Chemist: 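Input: one structure, supplied below.
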Amino acid sequence: MKIEFTNLNVAEIKADLLVFGHYLNEKKPQGKLAELDQVLDGAISDLIQQGDITGKAKETVLIHTFGKIPASRVLVIGLGNYDQFDQDLIREVAAIAVKQGIKVKAKRIASCPFGINHPNVHEHHVTHSFAEGAVLAAYHFEGYRSEKEEHHQIEFIQLMADQVSEELEYGIECGTAYGLGTNLARDLVNSPGNLMTPTKMAEKAVEIARRYGMEYEVLGKEEMERLGMGGLLAVAQGSDQPPKMIVIKYRGREKWDEVLGFVGKGLTFDSGGISLKPAANMDEMKTDMAGGAAVLGAMEAIGRLRPKVNIVAVIPSTENLPSGKAYKPGDVIRTMSGKTIEVLNTDAEGRLILADGITYAKKLGATRIIDLATLTGAILVALGTVTTGAFTNDPAFLEDFKKSAKKAGEKIWQLPTFDEYKEQIKSQIADLKNTGGRNAGSITAALFLDAFAEDTPWIHLDIAGTAFTSKETPTTPKGATGVMVRSLVQIAKHYGKHGMK
Ligand code: BES
Ligand code: MN
Ligand code: ZN
């Protein structure tokens, strides 16, 4: 799908679908829609007067042009209240336009750039949000049916603009990168566990690193043993799939002094291990590598956009399975940091592999760390499937990230990490135990990770509720959401512009 500009007017464009916006309670068509109204002899004005076009947010009205103009169909989308209009709505209406285009099997869409000249939206975001929404809406997971279903692809989207600025051009580039990065993460997460193994994740990471000339490193079992990564190794013990510690380094600055660390949980299948999960819905645990996938999706976008910031991406990857070799409740393990852990539940495995991931990121120079993980079922109880849980040891860092997430249109909410909760993860015989009981399960999991971040500024994002959806929206199909890719790219871009000090 190519997104470009056109300065042709509505009566000249050869497209299968022409898309316009209309604000709520606007009595007459405005701008390009007014041009269209003229060539359609007042048809749009009529529809507004009849109450068929109201401008209610996300309302769609499809109109045939019956040969009056080269474009065969027109879609008018409601933009809602003028004062409430924002870039999130641009993303959504662009997605609605693409979905409608797919439905009518359009090859070419031409659309108004929604929100251009609107005081609530920066020029850059007019095209950024549009491209992002369009790319997200075009996502389709191929699947594995022997008879392939035809999935319609839109070839071109032309944005009708009389004047094109660098900001508008760059917006398309950014929105496309954010969208494609998210879609890459979705593909990885939607892949089944037998195909998306730690080895396969490492291959995908190497592909991305090579594509953008980034440094990379994939540690195997022997190197992990040499480095003492006892957390990752313990979890991997029960699996026949070799574990991988996956690293990509992106150098956006001359000096490797300020480095943003992205650490993603890459658990390619979580059965719970000896503390086996119930059978119902266990298949969903193929998505337990969504944190790692988000990191890879972000690296894809960062490769395209090249912000002036250093990034080290670290993804500890393994399966968690029961076997005669599997680690067991009661085992005590030593992590790379030197800290020892009493394992009380082998299903609390994410924090064990992340412990080594965080320690390794610090060793590789990370001066600020964001980790992402489908870490706890408890975060679903707290925040449902709408909001990602956020935790930090550095409120100012989280403030930066909150702004980035807001810009990216992703919802996060901070939960507390008060010292009192640390009592719950104290062990009688080791430095920590890996479960803190039922109460405040997401918080004690976060505090477990906090012990490994130590004094490095750190944010933990629990995406167990948001990485996967069973409800479809225009921007997000059922299945993997690719959550947090865009927020990661946004903060990378932010620090690229303003530095990390
Ligand atoms: N991967 C799971 C968390 C999860 C649950 C992700 C539901 C997505 C949906 C994690 O490894 C896990 O099993 N956590 C346990 C921790 C408990 C044993 C302390 C949990 O949340 O039950
Ligand atoms: Mn688990
Ligand atoms: Zn897990």
Side-chain angles (χ1 to χ4, degrees), residues 189-190 193 196 198 201 231-232 234-239 241 243 263-294 315-322 326-331 341-357 371-389 391 415 421 424-427 432-449 460-470 479-484:
V189 177
N190 281 327
M196 191 47 60
M201 265 201 108
L232 178 53
V235 177
Q237 252 169 244
S239 164
Q241 290 291 339
V263 180
K265 174 177 174 183
L267 216 295
T268 59
F269 186 73
D270 181 14
S271 72
I274 297 294
S275 314
L276 193 63
K277 286 182 183 293
N281 304 323
M282 201 203 273
D283 58 291
E284 283 180 15
M285 283 301 123
K286 70 177 180 183
T287 66
D288 211 16
M289 32 58 77
I315 303 168
S317 184
T318 178
E319 295 180 325
N320 184 23
L321 293 178
Y327 80 132
K328 304 173 293 297
D331 286 0
I341 299 162
E342 182 184 13
V343 176
L344 290 182
N345 188 321
T346 63
D347 197 13
E349 84 298 337
R351 62 198 77 181
L352 302 177
I353 71 171
L354 287 168
D356 286 337
D371 86 70
L372 303 94
T374 45
L375 201 64
T376 65
I379 203 71
L380 269 148
V381 178
L383 300 176
T385 56
V386 175
T387 309
T388 292
F391 306 79
L415 278 80
Y421 292 108
Q424 286 174 241
I425 49 171
K426 280 190 178 149
S427 162
L432 292 161
K433 58 185 182 186
N434 80 331
T435 62
R438 264 176 58 84
N439 288 349
S442 304
I443 294 173
T444 52
L447 280 168
F448 182 97
L449 300 177
H460 160 59
L461 300 170
D462 194 335
I463 57 171
T466 49
F468 187 82
T469 181
S470 45
T481 59
V483 74
M484 289 297 125

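One-based numbering, in listed order, for ligands and for the atoms of each. Source: prediction; values computed, not measured. FYI, side chains are in, hydrogens and waters are out, and symmetry mates aren't considered; it's all heavy atoms of this structure.
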Chemist: Could you check if a side-chain atom of Lys426 sits within less than 4.5 angstrom of a side-chain atom of Lys433, using non-hydrogen atoms only?
Modeler: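 Sidechains of Lys433 and Lys426: no contact.
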Chemist: What N/O/S atom of Asp270 is the closest to the Zn ion (ligand 3)?
Modeler: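 Nearest N/O/S atom: OD2.
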Chemist: Give the contacting part of Leu375 toward ligand 1: side chain, backbone, both or neither, where contact means a heavy-atom distance below 4.0 Å.
Modeler: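 Answer for Leu375: backbone.
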Chemist: Can you confirm whether Leu375 sits close enough to His460 that some side-chain heavy atom of one is under 4.5 Å from a side-chain heavy atom of the other?
Modeler: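 Touching, per the 4.5 Å side-chain cut-off.
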Chemist: Between the Mn ion (ligand 2) and Asp270, is there an N, O or S atom separated by less than 2.8 Å?
Modeler: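 Short answer: yes, at least one N, O or S atom is under the cut-off.
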Chemist: Just wondering, do Phe269 and Gln241 contact through their side chains at under 4.5 Å, heavy atoms?
Modeler: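 Side-chain contact under 4.5 Å: no.
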Chemist: Taking the N/O/S atoms of Glu349 one by one, which is nearest to the Mn ion (ligand 2)?
Modeler: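 Sorting the N, O and S atoms of Glu349 by distance to the Mn ion (ligand 2) puts OE1 first.
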Chemist: Would you say Lys265 touches ligand 1, if touching means a heavy atom closer than 4.0 Å?
Modeler: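 True for this residue.
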Chemist: Less than 3.5 Å between some nitrogen or oxygen of Lys277 and one of ligand 1, yes or no?
Modeler: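 By distance alone, the answer is yes.
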Chemist: Between OG1 of Thr385 and CD1 of Ile379, what distance do you get to the nearest 0.5 Å?
Modeler: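 Those atoms lie 12.0 Å apart.
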Chemist: Among the N, O or S atoms that Glu349 has, which is closest to the Zn ion (ligand 3)?
Modeler: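 This residue's closest N, O or S atom turns out to be OE2.
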Chemist: Identify, for atom 2 (C) of ligand 1, the protein heavy atom at the shortest distance, and state residue, atom and that distance.
Modeler: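 Atom 2 (C) of ligand 1 sits closest to the protein heavy atom Asp270 OD2, 3.5 Å.
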Chemist: Pick from Met201, Met196, Lys265: which one makes a side-chain contact (heavy atoms from CB on, under 4.5 Å) with Ser317?
Modeler: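 Checked Met201, Met196, Lys265 against Ser317; only one passes side-chain contact (heavy atoms from CB on, under 4.5 Å): Met201.
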Chemist: We want to know whether Ser271 and Asn320 form a side-chain donor-acceptor pair, criterion being a heavy-atom distance below 3.5 angstrom.
Modeler: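 No, Asn320 and Ser271 have no side-chain donor paired with an acceptor closer than 3.5 Å.
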Chemist: Can you tell which part of Asn345 has a heavy atom less than 4.0 Å from ligand 1: side chain, backbone, both or neither?
Modeler: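 Side chain only.
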Chemist: Pull out every atom of ligand 1 sitting under 4.0 Å from any heavy atom of Arg351, numbered as shown with elements.
Modeler: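 By the 4.0 Å cutoff, the relevant atoms are 16 (C), 19 (C).
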Chemist: Look at the side chain of Thr444 and the backbone N and O of Gly441, then say whether any donor-acceptor pair between them is shorter than 3.5 Å.
Modeler: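 Yes.
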Chemist: Could you tell me which atoms of ligand 1, counted from 1 in the order shown, lie closer than 4.0 angstrom to a heavy atom of Glu349?
Modeler: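 Ligand 1 atoms under the 4.0 Å threshold to Glu349: 11 (O).
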Chemist: If you round to 10 degrees, what value do you get for the angle at the Zn ion (ligand 3) between Asp288 atom OD2 and Lys265 atom NZ?
Modeler: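 OD2 of Asp288, the Zn ion (ligand 3) and NZ of Lys265 span an angle of about 90°.
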Chemist: What I'd like to find out is whether the side chain of Ile353 reaches to under 4.5 Å of the side chain of Leu267, using heavy atoms alone.
Modeler: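 A side-chain contact under 4.5 Å exists here.
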Chemist: Can you confirm, on distance only, whether ligand 1 has an N/O atom lying under 3.5 Å from any N/O atom belonging to Thr435?
Modeler: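 Thr435 vs ligand 1: no N/O contact under 3.5 Å.
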Chemist: Cut-off 3.5 Å, side chains only: do Asn345 and Thr435 have a donor facing an acceptor?
Modeler: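 Their side chains do not contain a donor-acceptor pair, so the 3.5 Å distance test is not met.
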Chemist: Please determine whether any non-hydrogen atom of Arg438 lies less than 4.0 Å from an atom of ligand 1.
Modeler: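 Contact check Arg438 vs ligand 1: negative.
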Chemist: Can Glu319 and Lys286 be counted as an ion pair, charged N to O under 4.0 angstrom?
Modeler: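 No salt bridge links Glu319 with Lys286.
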Chemist: Quick check: do Thr287 and Met289 have side-chain heavy atoms less than 4.5 Å from each other?
Modeler: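 The answer is no, as the side chains (C-beta and beyond) never meet within the 4.5 Å cut-off.
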Chemist: For Thr469 and Thr481, test the side chains for any donor-to-acceptor distance below 3.5 angstrom and give the result as yes or no.
Modeler: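 Side-chain D/A pair, Thr469 to Thr481: absent.
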Chemist: With heavy atoms under 4.0 Å as the rule, classify the contact between Glu284 and ligand 1 as side chain, backbone, both or neither.
Modeler: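 Within the 4.0 Å criterion, Glu284 makes no contact with ligand 1.
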Chemist: Measuring from Tyr421:OH to Leu447:CG, what's the distance to the nearest 0.5 Å?
Modeler: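 So the OH of Tyr421 and the CG of Leu447 are separated by 9.0 Å.
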Chemist: What atoms of ligand 1 come closer than 4.0 angstrom to any heavy atom of Met285?
Modeler: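 In order of number, 1 (N), 4 (C), 5 (C), 6 (C), 7 (C), 8 (C), 9 (C).
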Chemist: Would one find an N or O of Asn434, backbone or side chain, under 3.5 Å from an N or O of ligand 1?
Modeler: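 No; every N/O pair is 3.5 Å or more apart.
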Chemist: With heavy atoms of Ala464 as the reference, note each atom of ligand 1 found under 4.0 Å away.
Modeler: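 Numbered from 1, ligand 1 contributes 6 (C), 8 (C).
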Chemist: Does Ala378 reach ligand 1 with a nitrogen or oxygen that is under 3.5 Å from one of the ligand's nitrogen or oxygen atoms?
Modeler: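 In this structure, Ala378 places no N or O atom under 3.5 Å from an N or O of ligand 1.
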Chemist: Report the nearest protein non-hydrogen atom to atom 20 (C) of ligand 1: residue, atom name, distance rounded to 0.1 Å.
Modeler: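 I find the closest protein heavy atom is Gly377 N, 3.8 Å.
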Chemist: Tell me which protein heavy atom sits closest to atom 15 (C) of ligand 1, plus the residue, atom name and distance to 0.1 Å.
Modeler: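 Answer for atom 15 (C) of ligand 1: Asp347 O, 3.9 Å.
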Chemist: Can you report which non-hydrogen protein atom sits closest to atom 17 (C) of ligand 1, along with the distance?
Modeler: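 For atom 17 (C) of ligand 1, the nearest protein heavy atom is Ala348 CB, 4.3 Å.
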